[in-house]
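Before I ask anything, let me first share the structure, which is written out below as structure tokens.
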Protein chains: 2
Amino acid sequence: MTEVIRSAAALREKVTTWKRSGMLVGVVPTMGALHDGHLSLARAARGQSDRVIVTIFVNPMQFNNPEDLKKYPRDEARDLALLKADGVDVLFAPGPEEVYPRGFASTVSVTGVSAPMEGAFRPGHFDGVATVVTKLFGMTQAGRAFFGEKDWQQLQVVRRLVTDLNIPIRVIGCPTIREEDGLAMSSRNVRLTEQERSVAPALHRAMQAAAEAIRAGAPVAAALAEARDAVLRAGFAEIEYLDFRDAETLEPLDRPGPPARLLAAAMLGAVRLIDNIAV
Amino acid sequence: MTEVIRSAAALREKVTTWKRSGMLVGVVPTMGALHDGHLSLARAARGQSDRVIVTIFVNPMQFNNPEDLKKYPRDEARDLALLKADGVDVLFAPGPEEVYPRGFASTVSVTGVSAPMEGAFRPGHFDGVATVVTKLFGMTQAGRAFFGEKDWQQLQVVRRLVTDLNIPIRVIGCPTIREEDGLAMSSRNVRLTEQERSVAPALHRAMQAAAEAIRAGAPVAAALAEARDAVLRAGFAEIEYLDFRDAETLEPLDRPGPPARLLAAAMLGAVRLIDNIAV
């Protein structure tokens, strides 16, 4: 049975009871519109915690684009059914006025890892993420938090703020879940037209080819240029970035060596897709 | 017996043991150079918690003036002796590299209450306070935090960030402790010359007179002007602010009504003194 809780006070009461009994609480922060990627996080949480909270909050503070916020898919009834099937204990789904009540005045900011890529193309995005994640950690008092590697840069920002602010929680990154054709699962995929959907896997394919080329010794700049060309040729409208970077610091790399990622964001019609893979 | 702990990891281990036994932890964040004001906080914590941590950390991030940081009084041996006498369980005294290790990149900011007065005269000060306080709350995992009303604006900033970031701690403000002549106790008082020390109580005296005048119906502007004149006549070099404000929002007030404070900062020779009282 999955209990739906909407207020931070009610959640705290529930969590306090659990913690008094020595239970380890796991949290999976989401914006809803759940897919198998989210459910894999819930299952990881289930396996590594005594009680599991999935949060659903479409966080206005992290949307730099009001249209994207408006169009973000929402279907709580369907989400709840999926969480019930997966044995999640609590769906915490607060409204905006519960998360940002009148008088709210605080921001958590992370510099460095948050600056390039998503940070550059979505001004304010990571302040919104860092602030709401800090709040959700406080509200849930969880000991473990599960995030998808799909949002790789977000994962590094969250790891950074947890370390920096000494938040007593362990952050666990879980592998990206993909469709059979390689497209990374994303709540935004439902906004693709049928034609766009058939084009979408080209992003991952081009990144895989670039990763192989770099591993095989090709110059990084050439491999990235070839990948960008391939993505545009396939029918993407625009590439915001397709970069080769240190996996942890997210500094650009011009050759392989330290743990590294290829990371990309590209527009396919009106939908912005992101992806990343290890190199 | 007061145990001295210098690493966040060792502190977390200690605190985890306490919390497993269901103990309520109280924390008193300080910058050391302890006086009776701090000790009254430690005693309040003792009375309202099962275990008491006093932290001593002269936080470079909250000093806008490098000279003030350099001259800030430090005497840990004396501080430890005082805490032992008061039955404090742990003195947590981390070094700067423990609090801000290489790669540190996060900031907690509070707008609104942090903007005027100290925020205006000490740029960046409250970001430093908000960030270190958030860290200390994470490191100590305390359920109660004790702050002096002497730093009234700081207390409002801390209350705001605890509410906003859903930090599971209760913030308790404790009354300002004063010398017999009314001077608010402060670690900076030891830097006053004998002559300055004799002048110093004029600040509190002038504020008391203004509060009485306002309560008696005098126009606020006139009462504040009279207080400023009295402070300068007494020998203070400069008044940074001497304001009448809403006690919680810190918005300026032009007449009494809601809970209100008089708040002031003034330079006496090279020493900056602050004070505040209820009206």
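In what follows, every chain begins at residue 1, and chains take the letters A, B, ... in the order their sequences are listed. Quantities reported herein were computed from a predicted structural model and do not represent experimental measurements.
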Task: Heavy atoms from other residues, nucleotides or ligands near CD of B:Glu248 exceed 12 (cutoff 6.0 Å) - done: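 Open: at most 12 neighbouring heavy atoms sit under 6.0 Å from CD of B:Glu248.
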Task: When A:Arg20, A:Lys135, A:Lys19 are compared by non-hydrogen pairs under 4.5 Å with chain B, the top option - done: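 Top option by heavy-atom pairs under 4.5 Å: A:Lys135.
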Open item on the list: Could you check whether atom CZ of A:Arg170 has more than 12 heavy atoms from other residues, nucleotides or ligands sitting under 6.0 Å from it?
Closed with: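 Atom CZ in A:Arg170 is not crowded, with 12 or fewer foreign heavy atoms closer than 6.0 Å.
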Task: chain A contact via B:Leu165 - which portion, at a heavy-atom distance below 4.5 Å - done: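 Contact with chain A is through both the backbone and side chain of B:Leu165.
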Open item on the list: Is it the case that the side chains of B:Tyr72 and B:Asn59 hold a donor-acceptor pair, with the cut-off being a distance below 3.5 Å and no angle test?
Closed with: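 Their side chains do not contain a donor-acceptor pair, so the 3.5 Å distance test is not met.
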Open item on the list: Between A:Leu161 and chain B, with a heavy-atom cut-off of 4.5 Å, which part of the residue counts as in contact: side chain, backbone, both or neither?
Closed with: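 Contact with chain B involves both backbone and side-chain atoms of A:Leu161.
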Open item on the list: Is any side-chain heavy atom of B:Arg245 closer than 4.5 Å to one of B:Leu263?
Closed with: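 B:Leu263 reaches B:Arg245 side chain to side chain.
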Open item on the list: Name the residue from B:Glu98, B:Gln141, B:Met139 that meets the side-chain contact (heavy atoms from CB on, under 4.5 Å) definition with B:Leu11.
Closed with: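 The residue from B:Glu98, B:Gln141, B:Met139 that satisfies side-chain contact (heavy atoms from CB on, under 4.5 Å) with B:Leu11 turns out to be B:Met139.
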Task: Selection from A:Ala130, A:Pro101, A:Gly103, A:Gly22 maximising heavy-atom pairs under 4.5 Å formed with chain B - done: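 Most heavy-atom pairs within the cutoff with chain B belong to A:Gly103.
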Task: B:Arg12 portion near chain A, given a 4.5 angstrom heavy-atom threshold - done: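 Side chain of B:Arg12 only, per the 4.5 Å heavy-atom cut-off to chain A.
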